[in-house]
Amino acid sequence: MLSADSAAIVRATLPVVGASLDAITTRFYETMFAERPELLDGLFNRGNQANGEQRRALAGSIAAFATWLLEHPDERPDELLARIAHKHTAVGVTDDQYTIVHKYLFGAIAHVLGEAVTPEVAAAWDEVYWLMAGALIAQEARIYAEVGACNGATWRQWRVTARQEEAPDVVSFLLRPADDGPVPPARPGQYVSVRVRMPDGVHQLRQYTLSSAGDLRRITVKRVRGVPDGEVSTLLHETVRPGDGLTLSAPFGDVALGDGDAPLVLVSAGIGGTPIVAMLEHLAATGSRRRLLLLHADRSPAEHALREDMRHLAPERTFWYETGATAPDRDGRMDLEGVEIPEGAIAYLCGPVPFMRDVRAQLLKAGVAARDIHYEVFGPDLWLAAD
C-alpha cells in the first residue's frame, strides 16, 4: 500500500490538507469545467455542483481514503470504495478521466497550498491519489464486466409503457426495452441512471432506484422542489408520458438484498421506500420464508408513496406519520421504543442521512450488529460513519 516515506509525509500534512479541502475542491471544479466544459454534458450533475454536494463528497472521499491508508496500512479498502465505484459506473466513468481529474486536482492543491507543496509532499499525495484511482479503476472494470459492458458503454433505450401517480410530487414510470429484447437482471435495491437532454441542450444524469425489477422496470421519481427545483425530476414529471423513450444505464449499486435465512428489518423514510419495495417484491416472488419487519416514516399517509405496495407485501410492519396517523400507525418521527427487533436481524436502511444516523443508533442499541446494518445514500456519497 502506501510507502513508509509517503505515509510519514501524508500523516504530517493531513491536517493542513484536510483543512483546505473545501478550497481545493472548489478550485478543482472551477478550473476543470472552465477548460473542459464538455464534462458537464452527460457526466457531472450540475445541480450537485451548484449546491456544493459534489465538492463536499470529493473532499470527504479524499480525507477518508488517506486516513484509511494510515490506519490500515496492510489492508485494501475495497469496501470503502465500493459505493463510489458503483456510482462511477452508473454515470459511465472511463479510465482516461482519472488522468484528467489528476491534472486539475493537483493543480488546485498547488494553487491553494502554495509553497507548502514541496516536491516530496506532492509525490506523497500523488501516491495516495493513484492508489485510490487504481483501486477504483479495478473495481469499476469488474462491475462493467458483470453487466456485460466495456468502460462506460452501459446505455440502452427504454420505452415508457405506463405512468402512475403515486403521491403528490411522486410518479412511477414503467419501462420495457425499446428493442423488445430481454430485460437484464437487477438485484433488489439497485438503481439505474436516467440520461436526459435538457432544454439548453446539455445532457444530465440522475440515479433512480428500481422500485420494481421484474419483466417491466419501474422507477419512482420524487419531484425535487427548492431553489432551484430539481431540473431532471421536473423534466420527467412535466414531459414524460407513455410511449416516450428514456435512456437508462445498466443497474448498479452495492446496497442490494443479500441471500440467507436471517430475519430482515427494512427501514425507510419518504422516497427512500423505493428500494425497500423492490426488496419486498423480490422476497414475495421467490417465496421467501424469512421473518420480515418493515418500518417506514413519512410526513402523512397521503404523501406516502407506494404505501399500498408496502401494506400488501409486508404483514409485519409499522408506519410513522408526522401528521394524519390513525391506528395502528404511529404519530411523529420513527421511534423504535417498544418495537421488537428480531434477534440476529440484518437491516437495510434508505432515507435522508440524518434519519439513517438516528435509526442506525437505535438499531445498534436494540442489539443489531454494526456489520449487519446496510444503508443507501441519496446523491453523492456523504461517507456516513460506519462506527
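Values in this document were obtained by computation on a predicted structure and should not be read as measured data.
The closest side-chain heavy-atom distance from Asp329 to Trp320 is not below 4.5 Å. Val16 is listed as a side-chain neighbour of Leu113, based on a closest heavy-atom distance under 4.5 Å. Arg36 places a side-chain heavy atom less than 4.5 Å from the side chain of Tyr104. You'll find the side chain of Leu39 reaches within 4.5 Å of the side chain of Ile100, heavy atoms only. Two residues are said to be in side-chain contact when any heavy atoms from C-beta on lie closer than 4.5 Å; Leu43 and Gln97 meet this criterion. The shortest side-chain heavy-atom distance between Val277 and Met310 falls under the 4.5 Å cut-off. Counting only heavy atoms from C-beta outward, the side chains of Val10 and Leu70 approach each other to under 4.5 Å. A 4.5 Å side-chain heavy-atom check between Glu165 and Arg163 finds at least one atom pair inside the cut-off.
More than 12 non-hydrogen atoms from other residues, nucleotides or ligands lie less than 6.0 angstrom from CZ of Arg290. Other residues, nucleotides and ligands place more than 12 heavy atoms under 6.0 Å from the CZ atom of Arg195. The number of heavy atoms from other shown groups lying within 6.0 Å of CG (Asp5) does not exceed 12.
Among residue pairs with one or both ends in residues 10-21, those qualifying as side-chain hydrogen bond (donor to acceptor under 3.5 Å, both in side chains) are Thr13-Trp125; sequence neighbours excluded. Pairs of residues two or more places apart, or lying in two chains, never qualify as salt bridge (Lys or Arg N to Asp or Glu O under 4.0 Å) while including a residue from residues 134-155.
Here the shortest heavy-atom pairing between Met334 and Ser268 reads CE-O, 3.8 Å. Ala278 and Gly189 get closest at one heavy-atom pair: CB-N, 4.2 Å. Here the closest heavy-atom approach between residue Leu14 and residue Ala66 is recorded as CD1-CB, 4.2 Å. In terms of heavy-atom proximity, Trp155 sits nearest to Ala90 at CH2-O, 3.8 Å.
Connection of Phe319 to Met356 is not established within any shared hydrophobic cluster, with ILVMFWY side chains joined at heavy-atom distances below 4.5 Å, either directly or through further cluster members. Under the 4.5 Å side-chain contact rule for hydrophobic residues, Leu21 and Ile109 share a cluster.
The aromatic ring centres of His102 and Tyr98 sit 6.0 Å or more apart.
The OG1 atom of Thr94 lies 9.5 Å from the CD1 atom of Ile137; values are rounded to the nearest 0.5 Å. For the atom pair CD of Gln362 and NZ of Lys365, the computed distance is 8.0 Å after rounding to the nearest 0.5 Å. With rounding to the nearest 0.5 angstrom, the CD1 atom of Ile84 is 9.0 Å from the CG atom of Leu58. Note: Phe173 CZ to Leu216 CG = 14.5 Å, rounded to the nearest 0.5 Å.
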Task: Glu166/Arg307 under salt bridge (charged side-chain N to carboxylate O under 4.0 Å, His left out): CA gap, chis, key distance, verdict - done: CA-CA 9 Å; Glu166 305 287 2; Arg307 171 183 162 92; over 6 Å; no
Open item on the list: Test salt bridge (charged side-chain N to carboxylate O under 4.0 Å, His left out) on Arg206 and Glu231; report intermediate values, then the result.
Closed with: CA-CA 10 Å; Arg206 297 294 185 272; Glu231 59 176 341; 3.7 Å; yes
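For Thr220 and Ser172, the side-chain atoms include at least one donor-acceptor pair closer than 3.5 Å. His296 and Asp298 form a side-chain donor-acceptor contact under 3.5 Å, judged by distance and modelled atom types alone. If you check the side chains of Arg55 and Thr26, you find a donor sitting under 3.5 Å from an acceptor. Between the side chains of Arg218 and Ser211, at least one donor N or O sits under 3.5 Å from an acceptor N or O. Using a 3.5 Å distance cut-off with no hydrogens or angles, the side chains of Glu127 and Ser3 do pair a donor with an acceptor. For the residue pair Tyr321 / Glu303, no side-chain donor-acceptor distance below 3.5 Å is found, with atom types taken as modelled.
Relative to the six-membered ring of Tyr375, Arg83 meets both conditions, a distance below 6.0 Å and an angle of at most 45° to the axis.
Salt bridge status for Glu308 with Arg311: present, with a side-chain N to carboxylate O gap under 4.0 Å.
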Pairs of donor and acceptor atoms involving the side chains of residues 239-266, under 3.5 Å and at least two apart or interchain, shall be tabulated with distances.
unit_1, atom_1, unit_2, atom_2, d
Thr239, OG1, Leu235, O, 2.6
Arg241, NH1, His237, O, 3.3
Asp244, OD2, Arg241, N, 2.7
Thr247, OG1, Gln157, OE1, 2.3
Ser249, OG, Ser193, N, 2.9

